[in-house]
Amino acid sequence: MAFFDDLKSKAAELTQVGVAKSKQLAEIAKLNLANSGEEDAIRKAYIEIGKLYYAERGMAPEAAYSALCEKITTAKINIEENKARIAELKEEGSIKDSDVESVVVETEVPAEEPTEPAAPVEPHEDCGCCCGCEKDKPQE
């Protein structure tokens, strides 16, 4: 009888350990999911910052942002040229929009949207700026 009581208590102990481990794993999964949501919010905020910066300063960006702004401007010019050529081709061939729908790949780029968010620039410890000065450039 003592054998069965011992076996029963060990089984109960293992069950409690398993339940505790399951609760920990569930909490870890929940926290990882929450972190993914927070990271998505950060990405969206970076995109919004990029949109605002490009809208306000895209034509005269600070040195640290000029290459990225130039990429956006060039891409927008290319899109407009492609749209003009598409319109020419449609006119030449008497092609209707409904004829093209089956071969259209989504090319609409929302206005002022960067192609990829720029890496954040940390404020300087001594002056707190993010101005694109020598302190903002990566150290080699």
Side-chain angles (χ1 to χ4, degrees):
M1 199 64 120
F3 172 75
F4 287 115
D5 289 339
D6 187 41
L7 185 61
K8 186 177 175 182
S9 71
K10 285 186 181 189
E13 184 180 319
L14 285 174
T15 301
Q16 289 175 352
V17 169
V19 167
K21 185 70 89 176
S22 294
K23 286 181 181 180
Q24 289 172 335
L25 291 172
E27 186 175 0
I28 288 170
K30 182 180 174 183
L31 292 170
N32 280 332
L33 185 61
N35 285 347
S36 293
E38 295 299 333
E39 289 169 353
D40 189 48
I42 290 170
R43 264 189 301 280
K44 287 178 181 178
Y46 281 150
I47 289 170
E48 287 302 311
I49 289 170
K51 286 179 185 180
L52 287 172
Y53 183 87
Y54 185 80
E56 292 177 9
R57 311 270 320 257
M59 295 303 125
E62 296 171 18
Y65 306 103
S66 63
L68 292 172
C69 288
E70 191 174 308
K71 282 183 183 180
I72 293 169
T73 302
T74 301
K76 286 181 173 231
I77 291 168
N78 291 339
I79 289 169
E80 290 305 314
E81 289 172 355
N82 291 343
K83 285 181 178 181
R85 180 66 180 141
I86 288 169
E88 288 175 16
L89 291 170
K90 284 181 179 179
E91 189 175 315
E92 287 174 7
S94 299
I95 299 172
K96 300 175 202 157
D97 286 339
S98 60
D99 296 334
V100 180
E101 285 179 6
S102 62
V103 294
V104 170
V105 175
E106 185 62 36
T107 59
E108 282 294 314
V109 176
E112 311 307 333
E113 181 172 306
T115 55
E116 59 185 59
V121 178
E122 296 294 323
H124 302 141
E125 290 180 17
D126 54 340
C127 65
C129 74
C130 295
C131 63
C133 68
E134 291 299 316
K135 294 177 183 176
D136 287 338
K137 294 181 182 171
Q139 302 296 322
E140 295 179 9

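- At distances below 3.5 Å, not a single donor-acceptor pair connects side-chain atoms of Ser94 with backbone N or O atoms of Lys90.
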Worked verdict on Leu52 versus Arg57 for side chain to side chain contact (heavy atoms under 4.5 Å, CB included) = CA-CA 8 Å; Leu52 287 172; Arg57 311 270 320 257; over 6 Å; no
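- Rounding to the nearest 0.5 Å places CG of Leu31 at 11.0 Å from CD of Glu38.
- Residues Gln16 and Val19 are not in side-chain contact: their nearest non-hydrogen atoms beyond the backbone lie 4.5 Å or more apart.
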Would Arg85 and Glu88 count as a salt bridge (charged side-chain N to carboxylate O under 4.0 Å, His left out) if you check the C-alpha gap in whole Å, the side-chain angles of each, and the deciding distance to 0.1 Å?
-> CA-CA 5 Å; Arg85 180 66 180 141; Glu88 288 175 16; 3.2 Å; yes
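- Note: Glu62 CD to Cys69 SG = 9.5 Å, rounded to the nearest 0.5 Å.
- Not a single salt bridge (Lys or Arg N to Asp or Glu O under 4.0 Å) links Glu91 to another residue, sequence neighbours left out.
- Considering CD1 of Ile79 and CD1 of Ile86, their distance stands at 10.5 Å, rounded to 0.5 Å.
- In terms of heavy-atom proximity, Ile95 sits nearest to Leu89 at CD1-O, 4.0 Å.
- Once rounded to the nearest 0.5 Å, the distance linking CG of Asp5 with NZ of Lys10 reads 12.5 Å.
- Note: Lys71 NZ to Tyr54 OH = 13.5 Å, rounded to the nearest 0.5 Å.
- Remark: Lys21 pairs with Gln24, Leu25 by the side-chain contact (heavy atoms from CB on, under 4.5 Å) rule, at least two apart or across chains.
- Atom OG1 of Thr73 sits about 11.0 Å away from atom CG of Asn78, to the nearest 0.5 Å.
- Residues Glu70 and Tyr65 form no side-chain contact, since every pair of their non-hydrogen atoms from C-beta on lies 4.5 Å or further apart.
- For the pair Phe3/Lys8, no side-chain contact is recorded, criterion being any heavy-atom separation below 4.5 Å from C-beta on.
- Residues passing the salt bridge (Lys or Arg N to Asp or Glu O under 4.0 Å) test with Glu48 are Lys51, sequence neighbours excluded.
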